[in-house]
Amino acid sequence: QRLPPQPDTVHTPSTKAAMNKFHFVFLVATRLVCLGYVALAVLGFLEARELLNGAYELRGKTLYIPLEICQPSQFTVDGTTITTDTNDVGRCQTLDYLVNACAISLLFSAAAVLIYLVVDGLLRMGMRSFNRSSVAGMGLFLLFILIQTAVCIYALWSQARFWTDYFNDVYDALESENSYGIDNVRTHGSSFILMLAGILAIVVAGLVFVDSITTLCFRRGKSDDDDVTLKQPPSGSDTPASMKHLDSFNTSEPDYTNGSQEPSSDGNGNPAWSRI
């Protein structure tokens, strides 16, 4: 005998309303942060391109330097110090490849976030060209893209920070011999904006991951509730109406003791109940 449905003491209307409200607020906050990252990533792309300036430039008391790696004046090999004349054989290599890699990563990650937001919005508006699983898969790939972008930005930011700190220490040590009066050394592009873009990329990656998980769970829980509602029998009846007469159909010969007038065969030698 089927037991009557038990009351749901967990998913009460008030609890569901609170969950829906929290989920809505989280979705809106995630989308706003994503849009903020897109704007900051585009700005970071422009600032990274400024780092390609390969000239030393003095503006007031601030010296702007390019990012490059130069041959040291001396280095040690197996305990032996080797000194080179940097005026004759000194070589410097700019970090253009690293700068361009980070700039492109910022631009591609911004485009990926925009595509994710558009596809997710179309799905929530009722467009059936996509499903929730495909959007969750896009969110997973977006997670890797954002993490890779953040790592690339950190590499560029650390190089910029190293050289600015080095030159600042050099000019601070000069003191009175600092004939140009330089009191600050910076790169041509803003490394601070790059750092913010990298941090926000990690934040967006975490939000997109949590958003994909919570959305899948929310949708699945809603589907389960709908299934339970459809499977519940009508009120006041222990057995659905469509199941009332199923007991009369079986694989054995029907019982005619209840006054059935059906003939015992269909004229071809087959039992009459075989026509069912």
Side-chain angles (χ1 to χ4, degrees), residues 33 36-110 113 144-206:
V33 174
Y37 171 76
V38 171
L40 189 60
V42 173
L43 182 60
F45 169 79
L46 299 177
E47 291 296 330
R49 297 290 298 175
E50 290 291 329
L51 293 174
L52 296 175
N53 191 333
Y56 290 86
E57 184 178 353
L58 183 62
R59 302 176 189 172
K61 294 184 177 182
T62 300
L63 176 65
Y64 291 86
I65 62 173
L67 292 181
E68 55 185 7
I69 299 178
C70 298
Q71 176 185 347
S73 59
Q74 64 180 19
F75 51 91
T76 302
V77 179
D78 295 332
T80 302
T81 301
I82 300 177
T83 303
T84 61
D85 187 355
T86 56
N87 293 326
D88 295 334
V89 297
R91 296 291 186 272
C92 291
Q93 173 65 49
T94 59
L95 301 180
D96 292 353
Y97 289 104
L98 178 59
V99 173
N100 286 324
C102 291
I104 295 300
S105 296
L106 283 169
L107 200 60
F108 282 1
S109 64
V113 171
F144 294 130
I145 293 174
L146 290 171
I147 292 177
Q148 181 181 10
T149 302
V151 172
C152 185
I153 291 175
Y154 175 77
L156 181 60
W157 175 82
S158 63
Q159 285 294 318
R161 182 67 181 272
F162 171 80
W163 288 111
T164 53
D165 288 348
Y166 171 77
F167 276 96
N168 279 318
D169 292 341
V170 169
Y171 283 103
D172 289 342
L174 290 177
E175 295 181 352
S176 59
E177 297 180 5
N178 186 358
S179 58
Y180 293 99
I182 297 174
D183 58 5
N184 189 23
V185 179
R186 299 181 58 185
T187 57
H188 287 282
S190 176
S191 59
F192 178 73
I193 293 179
L194 292 175
M195 179 189 65
L196 288 182
I199 293 175
L200 195 57
I202 295 295
V203 174
V204 172

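Numbers here are sequence positions counted from 1. These numbers were taken from a predicted model, which means no experiment stands behind them.
The two atoms that bring Ala101 and Cys152 nearest to each other are C-SG, 3.9 Å, heavy atoms only.
For the pair Glu57/Leu63, no side-chain contact is recorded, criterion being any heavy-atom separation below 4.5 Å from C-beta on.
One finds the CG atom of Leu67 at 6.5 Å from the CG atom of Leu156 (value rounded to the nearest 0.5 Å). Rounded to the nearest 0.5 angstrom, Tyr166 OH and Tyr171 OH are separated by 10.0 Å. With rounding to the nearest 0.5 angstrom, the CG atom of Asp172 is 10.5 Å from the CG atom of Asp165. Separating the OG atom in Ser105 from the CG atom in Leu146 is a distance of 10.5 Å, to the nearest 0.5 Å. Annotation: the span from Ser109 atom OG to Tyr37 atom OH amounts to 2.5 Å, rounded to 0.5 Å. Rounding to the nearest 0.5 Å places CD1 of Ile153 at 12.0 Å from OG of Ser158.
Asp96 meets the side-chain hydrogen bond (donor to acceptor under 3.5 Å, both in side chains) test with Thr94; sequence neighbours excluded. For Gln148, the side-chain hydrogen bond (donor to acceptor under 3.5 Å, both in side chains) criterion is met by no residue, not counting sequence neighbours. With sequence neighbours left out, Asn100 forms a side-chain hydrogen bond (donor to acceptor under 3.5 Å, both in side chains) with Arg49. For Phe144, the side chain to side chain contact (heavy atoms under 4.5 Å, CB included) partners at least two apart in sequence or on another chain are Leu140. Residues satisfying the side-chain hydrogen bond (donor to acceptor under 3.5 Å, both in side chains) test with Tyr56, not counting sequence neighbours, are Glu68.
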Worked check of side-chain contact (heavy atoms from CB on, under 4.5 Å) between Thr62 and Ile182: CA-CA 6 Å; Thr62 300; Ile182 297 174; over 6 Å; no

Can you check side-chain contact (heavy atoms from CB on, under 4.5 Å) on Ile145 and Phe108, steps first, answer last? CA-CA 8 Å; Ile145 293 174; Phe108 282 1; 5.6 Å; no

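Ring planes of Phe167 and Trp163: tilted class, angle from 30 to 60°.
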Let me have the donor-acceptor pairs involving side chains of residues 183-205, under 3.5 Å, with sequence neighbours excluded, atom names and distances please.
unit_1: Thr187; atom_1: OG1; unit_2: Gly189; atom_2: O; d: 2.6
unit_1: His188; atom_1: NE2; unit_2: Ala55; atom_2: O; d: 2.6
unit_1: Ser190; atom_1: OG; unit_2: Ile193; atom_2: N; d: 3.4

